[in-house]
Amino acid sequence: MLNITLPDNTVRQYVEGITGHEIALSISEGLARNVLAIQVNGEVWDSNRPLYADANIKLLTWNDTEGKAAFWHTSAHIMAEAIELLYPGTKFGIGPNIENGFYYDVDMGERVLTEADFKALEDKMLELSRENQVLLRKEISKQGAIDHFTAKGDEYKLELINELTDGEITLYESGKFTDLCRGPHIPNTGFIKAIKVMSVAGAYWRGDINRKQLTRVYGITFPKQKDLTEYLILLEEAKKRDHRKLGRELELFTFSQNVGLGLPLWLPKGTAIRERLEAFLKKVQRNAGYVQVMTPHIGDVNLYKTSGHFQKYGQDSFQPISTPIEGEQFMLKPMNCPHHCEIYKFKPRSYKDLPLRMAEFGTVYRYEQSGELHGLTRVRGFTQDDAHIFCLPDQVKSEFVDVIKIVMIIFKALDFKDFTAQISLRDPNNKEKYIGTDENWDKAEQAILEVCKENNINAVIEYGEAAFYGPKLDFMVRDAIGRKWQLGTIQVDYNLPERFELEYIGNDNQKHRPVMIHRAPFGSMERFVAVLIEHCAGKFPLWLAPEQVSILPISEKYEIYAKNVSLLLNNYDIRSKIDNRNEKTGKKIRDAEVERIPYMLIVGEKEEAEGTISVRKQGDGDLGSFSIEAFAALINDEITKLME
RNA sequence: GCCGAAAUAGCUCAGUUGGCCAGAGCAGCUGAUUUGUAAUCAGCGGGUCGGGGGUUCGAAUCCCUCUUUCGGCUCCA
């Protein structure tokens with residue numbers, strides 16, 4: 001008998017060779033109907049694969065991430081089968097599940113797959129799913145696998161097989177289609193009830209720009225039609241929140257072909273938001289002991305040779321500008337750190353001066369590939385809320401923690417409740433991508449790992465994601481509709497201080513090397529504002545809204561009273577405008593609602609007589625009659641709730 | 001940069017076997033109306049149909065090319 005431990009730690013006994021499906025049946029028939037796969041000692045298996053040893057198991061359904069993964073993995077398999085049936089001769093690359101659905105990379109030769117083909121592909125997939133095909137797991141020798149795919153002429157699979165170890169190779173067979181596949185799969189294809197082919201795109205084989213570009217077909221599937229409908233509604237909601245659309249509608253920013261690709265033009269209302277964000281962060285930083293500096297937009301090429309940026313990114317940058325007579329070479333500033341290092345070197349520093357926290361809203365320019373540009377999230381000229389903390393080695397951890405606190409203050413003020421962290425370390429197998437010694441890297445990486453551990457920051461570790469001069473901790477937020485965005489970053493750097501020969505005099509009267517922390521809690525103003533727009537769907541927190549209040553006189557008879565109200569609000573630092581257009585009140589309300597102005601104040605005969613205002617909240621409707629003082633208190637409360 | 005799709009008025013879009021001076025709604029301007037919690041009425045102006053080239057008696061519509069935008073890939077200091 002086997003001892004099988006369930007997630008709630010109860011242990012049940014079963015005969016050897018029992019399968020996940022049979023275990024589920026022994027618990028309840030309903031569960032058995034919904035089990036997609038089984039987790040065995042942390043590894044996901046097919047639910048019909050027999051167990052021959054004691055194990056900790058978890059039965060996976062659609063509600064588990066791993067269950068969805070198996071579901072979509074099988075869906076990718078079905079899509080490949082459908083493609084093979086519809087377009088014989090297609091060669092197959094890889095077909096994994098992804099966060100939302102799955103894709104398959106295929107080589108269709110000369111044939112081009114377009115949206116017009118999606119319907120036929122979906123229909124064929126549905127047909128296959130309705131056959132309730134069982135995916136048969138087959139262990140196969142390496143030679144057997146090579147023979148199979150040689151006969152089929154599928155060079156991509158052969159390449160994958162060559163990298164696998166003999167004895168660990170499995171095929172999955174369903175219908176007439178056999179795929180090289182590690183599994184796991186759901187019990188049969190009948191679970192897949194709703195299918196949508198989403199898009200096609202080119203994708204380099206194995207992500208290598210020098211290799212052939214395959215056709216990547218994206219799809220998503222669900223166990224119920226209703227789930228698909230809900231997913232499509234969510235996509236519609238995302239479209240409505242698109243910062244590029246809202247940026248135009250709310251007059252926040254624009255781009256002009258005449259100015260150039262990826263160079264944003266901030267309109268007055270967008271500028272108002274950005275300046276308020278900057279003022280907010282400056283205040284937080286002033287309280288945290290930062291000093292503001294300013295540096296120019298260009299710098300001598302040699303500055304970036306010293307930092308290593310030129311060697312690393314020179315080819316991918318805007319090329320240096322040459323002066324006409326002397327032939328000096330200047331680069332558009334791609335980073336602020338070299339300039340800040342030079343400010344550090346302005347005078348000898350004592351250990352008593354450290355930590356020196358130097359902040360700048362520094363505008364930088366990077367040559368992003370044209371196909372990469374995307375609204376405000378990927379641009380060629382942007383402003384970092386940058387700062388560099390120069391500190392003693394034993395100050396690194398406490399400074400790092402203080403930066404994390406600033407990041408948290410910002411997330412709270414802007415209502416990002418759900419966030420995760422990622423520790424980005426060096427790729428240990430690819431050290432030539434980075435500058436600096438192993439010793440420095442170890443120190444920097446240890447500092448981040450220890451800080452996260454000591455402060456209970458639950459961060460995933462990613463190797464190979466570090467900056468070229470140091471490891472980093474990045475913060476990812478989840479927005480109001482569940483999408484993940486990377487925002488703030490904190491980096492520990494032992495290397496640039498060395499390259500710039502930064503020094504301080506210690507209490508031993510000897511020269512020592514400081515450590516640098518690079519940090520940007522917003523990341524860049526452009527990207528942050530873009531994420532914020534999508535997070536709040538254009539309904540900015542009250543303290544940020546370019547216009548907080550629209551005063552709506554019922555008719556021109558009450559314009560003088562409206563003006564008085566506006567002046568009184570000014571005394572409370574409440575930003576208002578008067579809508580004195582020759583329109584009906586309903587129209588003025590509608591327009592203020594569409595413009596996402598947080599409050600509307602309706603003033604007419606009654607209000608003028610009583611010295612009150614009729615308050616309407618955006619999205620919520622009529623709040624009733626208020627005195628100016630009471631309204632100011634309401635506004636004040638709403639703002640301080642987020643900012644404290 | 002690469003693969004695919006798209007580009008018509010400030011915005012959203014119609015015009016889809018090539019054929020009357022290219023249309024609508026919103027926005028704008030002018031006038032009437034003096035308005036009470038999500039669109040008052042009337043009139044007017046506005047487009048080299050992304051640029052260039054070609055096919056044709058005739059092109060927004062077909063072909064070539066360039067540009068830009070969108071979805072991905074690669075990249076992201």
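Values in this document were obtained by computation on a predicted structure and should not be read as measured data. Quick note on labels: first sequence line is chain A, next is B, and so on, each numbered from 1.
Judged by Watson-Crick or G-U wobble contacts below 3.5 Å, the nucleotide B:C76 has no partner. The partner of B:C41 is B:G31, by the rule that a Watson-Crick or G-U pair needs both atom distances under 3.5 Å. When both distances must be under 3.5 Å, the Watson-Crick or G-U wobble mate of B:C21 does not exist. B:A7 and B:U67 make up a base pair, with Watson-Crick or G-U wobble contacts both under 3.5 Å.
B:G10 sits 10 Å from B:G46 when the C1' atoms are compared, rounded to a whole Å. Taking atom P on both B:G1 and B:C57, the two are 39 Å apart, rounded to the nearest angstrom. Between B:G4 and B:U8, the two C1' atoms lie 23 Å apart (nearest whole Å). Across B:C49 and B:G23, the matching C1' atoms stand 12 Å from one another, rounded to whole Å. Between B:C63 and B:A59, the distance separating the two C1' atoms is 12 Å to the nearest Å. Distance noted for atom C1' between B:U56 and B:G18: 9 Å (whole Å). Using atom P as the reference point in both B:G71 and B:U55, the two lie 37 Å apart (nearest Å). Nucleotides B:C3 and B:G47 are separated by 37 Å at their P atoms, to the nearest Å.
The aromatic ring of A:Tyr313 sits over the base of B:A77, with ring centres less than 5.5 Å apart and planes tilted by under 30°.
Contact of A:Gln213 with B:C2 (side chain to base): a donor-acceptor pair of N or O atoms is detected under 3.5 Å. Residue side chain A:Arg378 reaches the base of B:C76 through a donor-acceptor N/O pair under 3.5 Å, judged by distance alone. Between the side chain of A:Tyr558 and the base of B:G36 there is no donor-acceptor pair of N/O atoms closer than 3.5 Å. Put simply, the side chain of A:Gln257 and the base of B:U68 share no donor and acceptor less than 3.5 Å apart.
As rounded to whole Å, 14 Å separates atom P of B:U68 from atom CZ of A:Phe255. Taking atom CG on A:Leu235 and atom C1' on B:G72, their separation rounds to 15 Å, with Å as the unit. Note: CG (A:Asn258) to C1' (B:G51) measures 13 Å, nearest angstrom. Remark: P of B:G28 and CD of A:Glu251 are 11 Å apart, rounded to the nearest angstrom. Straight-line distance from the CG atom of A:Asp579 to the P atom of B:U34: 19 Å, rounded to whole Å. The CE-P distance, from A:Met331 to B:A77, rounds to 15 Å in whole Å. Per the geometry, CG belonging to A:Leu267 stands 14 Å off C1' belonging to B:C11, to the nearest Å. One interatomic measurement links the two molecules: CG of A:Asp242 to P of B:C11, which rounds to 16 Å at whole-angstrom precision.
A:Tyr103 comes within 4.0 angstrom of no nucleic acid atom, judged by non-hydrogen atoms across all strands. If you check every strand for non-hydrogen atoms under 4.0 Å, A:Ala201 touches a base. Residue-level contact check: A:Arg616 touches the bases, meaning some heavy atom is under 4.0 Å from a base atom. Within 4.0 Å (heavy atoms only), A:Gln315 reaches no atom of the nucleic acid at all. Heavy atoms of A:Glu115 sit nowhere under 4.0 angstrom from any nucleic acid atom. Nucleic acid contact for A:Gly207: sugar-phosphate only, since backbone atoms but no base atoms lie under 4.0 Å from a heavy atom of the residue.
Both A:Ser199 and A:His309 lie near RNA chain B, and the one whose nearest nucleotide falls closer to the 5' end is A:Ser199.
Inter-residue side-chain proximity for A:Ser307 and A:Met335 is flagged as unmet; no heavy-atom pair is nearer than 4.5 Å. Looking only at side-chain heavy atoms (C-beta outward), A:Ile298 and A:Met331 stay at 4.5 Å or farther from each other. Considering only heavy atoms from C-beta on, A:Val301 stays 4.5 Å or farther from A:Phe330 through its side chain.
OP1 and OP2 of B:U69 both lie 4.0 Å or more from every side-chain N or O belonging to A:His374. Regarding contacts with the backbone of B:U12, a side-chain N or O of A:Arg248 is found under 4.0 angstrom from either OP1 or OP2. Using a 4.0 Å cut-off, some side-chain N or O of A:Arg244 falls inside it from OP1 or OP2 of B:C70.
Taking the ring centre of A:Tyr204 as origin, the terminal cationic atom of A:Arg211 falls outside the region bounded by 6.0 Å and 45° from the ring axis.
RNA chain B lies under 4.0 Å from at least one heavy atom of each of the following residues of residues 583-599 of chain A: A:Glu583, A:Lys584, A:Thr585, A:Gly586, A:Lys587, A:Ile589, A:Arg590, A:Glu593.
Side-chain proximity of A:Glu556 to the nucleotides B:G72, B:C76, B:U34 is greatest for B:U34. Closest to the side chain of A:Leu261, from the set B:U69, B:C76, B:G36, is B:U69.
Separating the CH2 atom in A:Trp72 from the CG atom in A:Asn100 is a distance of 5.5 Å, to the nearest 0.5 Å.
Residue A:Ile597 is tested with A:Gln548, A:Lys577, A:Arg575 for a side chain to side chain contact (heavy atoms under 4.5 Å, CB included); the sole match is A:Lys577.
The environment of CD in A:Glu237 is crowded: more than 12 heavy-atom neighbours from other residues, nucleotides or ligands sit within 6.0 Å. With a 6.0 Å radius and a threshold of 12 heavy atoms from other residues, nucleotides or ligands, A:Glu159 has its CD atom above the threshold.
Residues A:Trp205 and A:Ile94 approach most closely at CZ3-N, 4.1 Å, considering heavy atoms.
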Would you check, one step at a time, whether the test side-chain hydrogen bond (donor to acceptor under 3.5 Å, both in side chains) holds for A:Tyr599 with A:Glu638?
CA-CA 12 Å; A:Tyr599 286 96; A:Glu638 186 174 334; 2.5 Å; yes

